[in-house]
Each structure stands twice: as C-alpha cells, then as structure tokens.
Amino acid sequence: MKLIAICTGLVAPLVYRTASGAIKTEASGIKKQAVSTEENPSMIELKKLGLEGDEQCNLSVHGGMDKAVYMMPAEHYDFWKARRAEKNLDTDLPWGFLGENLVVEGLNENYVRIGDEFELGAVRLRVTDPREPCHKFAIRMGFGAAPKQMIQQGNCGWYLRVVQTGKIQAGIALKHFANPHGKTVIDSFRLKTQKGQMDLL
C-alpha cells in the first residue's frame, strides 16, 4: 500500500450545458491536479482542514474537520476511463480528475472501515465517511449517469479526518490500522445511498 499522488485545487468555475442547451456556471472545488507524484515527489503540508493549496466549495458536504481530505484508490480510474470511452470522451484522465486529494494503491471500499487510521510518515488520518456523488461529479465526468454508476459500482473513495498534521509526499508507504468494529466503507456507502439504489431498479 502506498500513496502515489497528492492532488489539490482551488474553487473555480465549472461550466456545463443543460439539457435545453443553455450554458451555466457553478463554483466548485472538484478540479484537482497532482502537485506531488512518484516521479516528482514534492513535500506538501497537511493541516487540520486539509492540504496546503486546496479548497472546497460547498462546506455543507465537503471539507471541515471530518472531511478535510478525500482519498481514492488508483484502481478505480480504469472503470471511469472505460465509461468515458463509451461516450467518446477523452480517456486520458490525470490524477485528481475525480476530485480526490490522495490517490492510493492497494486499498478499496470493501477492505477499509469507518474509523480505520492511516499513517503516512508523521501524518495520521482517520476514515470518517464515504464520498457521495452529486451533480457536479456528473458535470466533471461529462455525462449525467456518472453518479448512478458510482452508486452501482461502489467506487466512491472515502473522507478522512486529520489526526496528526505534518508534511507528506507521493511515493511514501502507507500503514493501515484497522478498526474491526467499524462498518466497511462500501456498507456505509450502500446505507447512505439506499434511496439512490432503489431508484436504479
């Protein structure tokens, strides 16, 4: 298990076309880009409310102490590349495209539990919640069915609380401390999106 990319982004306009053809703009922090990779492992400071140089827009659902950082398994990118290929959309997706802060290798929602902790050097993080997709994820992905596909697939990633601040860089090993009494991220995600699951039937 290791951290393969750190991604940040500022709140910026998200431009999209409605079904009627009108052009609309919404503010969003979903546009992240890699600022530390295995090829260029820059040190990035992680504070209680998130990474240096990162912003969240809608603080009712993102950010704050319990959602300071968003972690995503790198393995999910193949799924989204395939879905975009079906829509004839660009499949060259850089790290951060899904809105995540930390891209990790060797973890998934069936294995990680709410309350689990990760150690990255001196930094310590605690799993708090699965990510729930919204319409801004659909805009970012370029097709309206993206949130429902995340619900079906369960490839949501998870939010983290910063227990111990410090500096991190891509390429460092990740230590996993399991909470055997916590729900798995996928079970928590299914519970939170139960209505969405029923809508898909």
Mark yes or no for whether Arg190, through its side chain, and Ile151, through its backbone, hold a donor-acceptor pair below 3.5 Å. yes
Heavy atoms, side chains only, cut-off 4.5 Å: are Val123 and Gln164 in contact? no
Donor-acceptor pair, side chain of Glu100 and main chain of Leu98, under 3.5 angstrom: yes
Taking salt bridge (charged side-chain N to carboxylate O under 4.0 Å, His left out) as the definition, give me every residue that meets it alongside Arg83, ordered by chain and number, with sequence neighbours left out. Glu86
Would you check, one step at a time, whether the test side chain to side chain contact (heavy atoms under 4.5 Å, CB included) holds for Met71 with Phe118? CA-CA 11 Å; Met71 183 177 279; Phe118 299 113; 4.0 Å; yes
Within the structure provided, determine whether Leu51 and Ile6 are in side-chain contact (heavy-atom separation under 4.5 Å). yes
Between Leu49 and Met65, does a side chain to side chain contact (heavy atoms under 4.5 Å, CB included) hold up when you go through it step by step? CA-CA 6 Å; Leu49 289 176; Met65 298 290 278; 3.8 Å; yes
Any idea which heavy atoms bring Val103 and Cys7 closest together, and the distance? CG2-SG, 4.2 Å
Is there a donor-acceptor contact under 3.5 Å from the side chain of Gln153 to the main chain of Gln149? no
Charged N-O contact under 4.0 Å between Lys167 and Glu45: no
Residues Glu38 and Lys2 bridged, charged N to O under 4.0 Å: yes
Sequence neighbours excluded, which residues qualify as side-chain contact (heavy atoms from CB on, under 4.5 Å) partners of Leu93? Tyr77, Trp80, Lys81, Arg84, Phe97
Taking C-beta and beyond as the side chain, do Lys24 and Arg17 meet within less than 4.5 Å on heavy atoms? no
Heavy-atom nearest pair, Asp129 first then Lys192, reads OD1-CE, 2.9 Å
Should the pair Asp187-Arg113 be classified as a salt bridge under the 4.0 Å nitrogen-to-oxygen rule? no
Are Phe79 and Met150 connected, step by step, through hydrophobic side chains (Ile, Leu, Val, Met, Phe, Trp, Tyr) whose heavy atoms are closer than 4.5 Å? yes
Euclidean distance, Asn155 CG relative to His76 NE2, rounded to 0.5 Å: 5.0 Å
Would you say that Trp95 contacts Ser36 through its side chain, given a criterion of any heavy-atom pair below 4.5 Å between the two side chains? no
Expected output: side-chain Asn101 to main-chain Thr8 donor-acceptor under 3.5 Å: no
Donor-acceptor pair, Lys47 side chain versus Gly166 backbone, under 3.5 Å? no
Please examine the side chains of Asp116 and His176, heavy atoms only from C-beta on, and report whether any two atoms are closer than 4.5 Å. yes
Could you walk me through whether Phe137 and Arg131 pass the side chain to side chain contact (heavy atoms under 4.5 Å, CB included) test, one step at a time? CA-CA 11 Å; Phe137 180 68; Arg131 182 251 191 99; 3.4 Å; yes
Are Val163 and Leu102 connected in a single hydrophobic cluster, I mean Ile/Leu/Val/Met/Phe/Trp/Tyr linked by side-chain heavy atoms less than 4.5 Å apart? no
Is there a donor-acceptor pair under 3.5 Å between the side chain of Gln169 and the backbone N or O of Pro41? yes
State yes or no: do Leu120 and Val162 share one hydrophobic cluster built from I, L, V, M, F, W and Y residues joined by side-chain heavy-atom distances below 4.5 Å, directly or via other members? yes
Within the distance-only criterion (no hydrogens, no angle test), does the side chain of Lys136 pair as donor or acceptor with the backbone N or O of Ala27 below 3.5 angstrom? yes
ring-ring contact (aromatic ring centres under 6.0 Å, His included) filter on Phe177, not counting sequence neighbours, yields none
Where Val69 and Gly50 come nearest, the two heavy atoms and their spacing: CG2-CA, 4.4 Å
Taken to the nearest 0.5 Å, the spacing of Ile4 CD1 from Ile172 CD1 works out to 13.0 Å
Taking every non-hydrogen atom, the tightest pair across Ser28 and Leu14: CB-CD2, 4.0 Å
Minimum-distance pair of heavy atoms, taken over all atoms of Lys48 and Ala68: O-CB, 3.4 Å
Kindly indicate, with the supporting measurements, whether the criterion side chain to side chain contact (heavy atoms under 4.5 Å, CB included) is fulfilled by Ile168 and Leu3. CA-CA 9 Å; Ile168 55 175; Leu3 176 65; 4.3 Å; yes
If you look at every heavy atom in Thr25 and Tyr16, which pair is closest and at what distance? N-CE2, 4.4 Å
Quick check: does any side chain N or O of Thr128 sit under 3.5 Å from a backbone N or O of Asp66, one acting as donor and the other as acceptor? yes
Tell me whether Thr184 contacts the main-chain N or O of Tyr111 through its side chain, where contact means a donor paired with an acceptor under 3.5 Å. no
Gap separating the CD atom of Glu26 from the CD1 atom of Ile139, nearest 0.5 angstrom: 5.0 Å
Do Phe189 and Ile114 belong to the same hydrophobic cluster, where Ile, Leu, Val, Met, Phe, Trp and Tyr are linked whenever their side-chain heavy atoms lie under 4.5 Å apart, directly or via other members? no
Same apolar cluster (I L V M F W Y, side chains within < 4.5 Å links), Ile186/Val112: no
Without swapping roles, check the side chain of Glu117 against the backbone of Leu125 for a donor-acceptor pair under 3.5 Å. no
Student check: side-chain heavy atoms of Cys156 and Glu109 closer than 4.5 Å: yes
Centroid-to-centroid, Tyr70 to His62, below 6.0 Å? no
Tell me whether the count of non-hydrogen atoms from other residues, nucleotides or ligands lying under 6.0 Å of CD in Glu75 goes above 12. yes
Is a salt bridge present between Lys32 and Asp54, judged by a nitrogen-to-oxygen distance below 4.0 Å? yes
